[in-house]
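One structure is given here, and the rest of the page talks about it.
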Amino acid sequence: MAAHIGRIDTDTPLKSLYVIHGEEELLRIEALDALRAAAKEQGYLNREAYTADASFDWKELLQTAGSAGLFADLKLLELHIPNGKPGKTGGEALQDFAARLPEDTVTLVLLPKLEKTQLQSKWFAALAAKGEVWEAKPVGAAALPQWIRGRLDKIGLGIEADALALFAERVEGNLLAARQEIDKLGLLYPKGHTLTIDEAQTAVANVARFDAFQLAGAWMKGDVPRVCRLLDGLREEGGEPVLLLWAVAEDIRTLIRLAAALKQGQSVQAVRNSLRLWGDKQTLAPAAVKRISVPRLLDALKTCAEIDRIIKGAEEGDAWAAFKQLAVSLAK
């Protein structure tokens, strides 16, 4: 997505339609800001914005498209669909809109993270066929240090390796807060300054956010320190182990089924969809199967059942402590 944004300038005419979607809110905001700025530079001074909520009249959007040609002013038209689900009426309206894009108008369609069914819908296909689609993908833990360094470079600051590692650890999963911390450092230190570990320790707030999906990547990869940090962070955020336990149990069952498939001579690609090995799990799951034996996985499932009984009050014990011990054992 960043590569697309980088190509926007006053010398490059804007396209008639842009579709922005994805999980990372900061990148969606920055894409919108960049397009607004480029539109202003290119003379699209008349701006109209619509939010497609439950009471939105989709006929209004189609009327806007139909009347746009009557006016000489260049227009920037924004359509925000907060839940990413236009419904049957909205879907049909979007298809009609894409078929007859208004003249002298740049249209921006803003969407959140979309599920597979939405990405395969007729309305999304119609928009994608007529416009440029930008996906705001999350910046993962592996790519975050480089992202931070790049942002610091833009404001003229350097950073030592250990300070960068600390910075990334403190803002993981919270890119919007990461940008705010970078902006703050730009005010605290002059251009040309290189941040040290002590300065990062003092200046960078701990605003990291974690979720259950990050945990799967950590224990499958065998990263014990990260497993511990994720679980400590999730517990401090007030999370409950119920969802985490369910996710881990499902992943364990997936590994057991994957091990059986591989033993039968099937390839990872052959069972990818049936086992839902999407994203990083395509590489992490096969590696985890090589590292963790099936008997260990079966024992882990028994432990999941024991922890579930603790959560429900059927057995005595500390559910968080037991769950952490389970996750660490899987990572070892």
Query raised in the report: Checking T105 side chain against E103 main chain: does a donor-acceptor pair fall under 3.5 Å?
Result: yes
Report task. Would you mind checking if E172 and R229 are paired as a salt bridge, meaning a charged N to carboxylate O distance below 4.0 Å? Result -> yes
Requested in this report: Output yes when a side-chain donor or acceptor of R226 lies under 3.5 Å from a complementary backbone atom of L215, and no otherwise.
Outcome: no
Report task. To the nearest 0.5 Å, tell me how far H193 NE2 sits from K191 NZ. Result -> 15.0 Å
Query raised in the report: For the residue pair L185 and A203, what are the closest heavy atoms and their distance?
Result: CD2-CB, 3.7 Å
Query raised in the report: Do side-chain atoms of E132 reach the backbone of V19 as a donor and acceptor pair under 3.5 angstrom?
Result: no
Query raised in the report: What is the minimum heavy-atom distance between V294 and A259, and which atoms define it?
Result: CG2-CB, 3.7 Å
Query - CG on L76 to CD on Q42, rounded to 0.5 Å - result: 11.0 Å
Query raised in the report: Can you check whether M220's main-chain N or O pairs, donor with acceptor, with R291's side chain at less than 3.5 Å?
Result: yes
Query raised in the report: Less than 4.0 Å between a side-chain N and a carboxylate O, is that true for E250 and R253?
Result: yes
**Report entry** V171 and its side-chain contact (heavy atoms from CB on, under 4.5 Å) partner, picked from L166, I148, I182
**Finding:** I148
Query raised in the report: Do any N or O atoms from the side chain of R47 and from the backbone of E78 form a donor-acceptor pair under 3.5 angstrom?
Result: no
Report task. Walk me through it: do R36 and D33 pass the test side chain to side chain contact (heavy atoms under 4.5 Å, CB included)? Result -> CA-CA 5 Å; R36 283 174 175 170; D33 288 345; 4.1 Å; yes
**Report entry** Short side-chain to backbone donor-acceptor contact, R28 and G22, under 3.5 Å
**Finding:** yes
Query raised in the report: When rounded to the nearest 0.5 angstrom, what distance separates CG in L114 from CZ in F124?
Result: 6.0 Å
Query raised in the report: Salt bridge between R149 and D153, side-chain N to carboxylate O under 4.0 Å?
Result: no
Report task. Please check if atom CD in E315 has more than 12 non-hydrogen atoms from other residues, nucleotides or ligands closer than 6.0 Å. Result -> yes
Query raised in the report: Are side-chain heavy atoms of V106 and L108 found at a separation under 4.5 Å?
Result: yes
Report task. For Q282 and R272, indicate whether the former's side chain and the latter's backbone hold a donor-acceptor pair under 3.5 Å. Result -> no
**Report entry** Charged N-O contact under 4.0 Å between E181 and R170
**Finding:** no
Query raised in the report: Any donor and acceptor pair, going by atom type alone, linking the side chain of E92 with main-chain N or O of T89 inside 3.5 Å?
Result: no
Query raised in the report: Just by distance, do the side chain of K15 and the backbone of G131 share a donor-acceptor pair under 3.5 Å?
Result: no
Report task. From the options L262, L275, V271, I252, select the one residue that forms a side-chain contact (heavy atoms from CB on, under 4.5 Å) with R257. Result -> L275
**Report entry** Exceeds 12 heavy-atom contacts within 6.0 angstrom, atom NZ of K40
**Finding:** no
Query raised in the report: Within a strict 4.5 Å, meaning less than it, do heavy atoms of the K324 and C228 side chains meet?
Result: yes
**Report entry** Rounded distance (nearest 0.5 Å) linking atom CH2 of W134 with atom CG of L110
**Finding:** 10.5 Å
Query raised in the report: Between E199 (side chain) and T196 (backbone), is there a donor-acceptor pair under 3.5 Å?
Result: yes
Query raised in the report: Nearest 0.5 Å, what's the CG-CG distance between D299 and L330?
Result: 10.5 Å
Query raised in the report: Considering residues, nucleotides and ligands other than R309, do more than 12 of their heavy atoms fall under 6.0 Å from its CZ?
Result: yes
Query raised in the report: Is T303 close to F323 at the side-chain level, that is, under 4.5 Å between some pair of heavy atoms?
Result: no
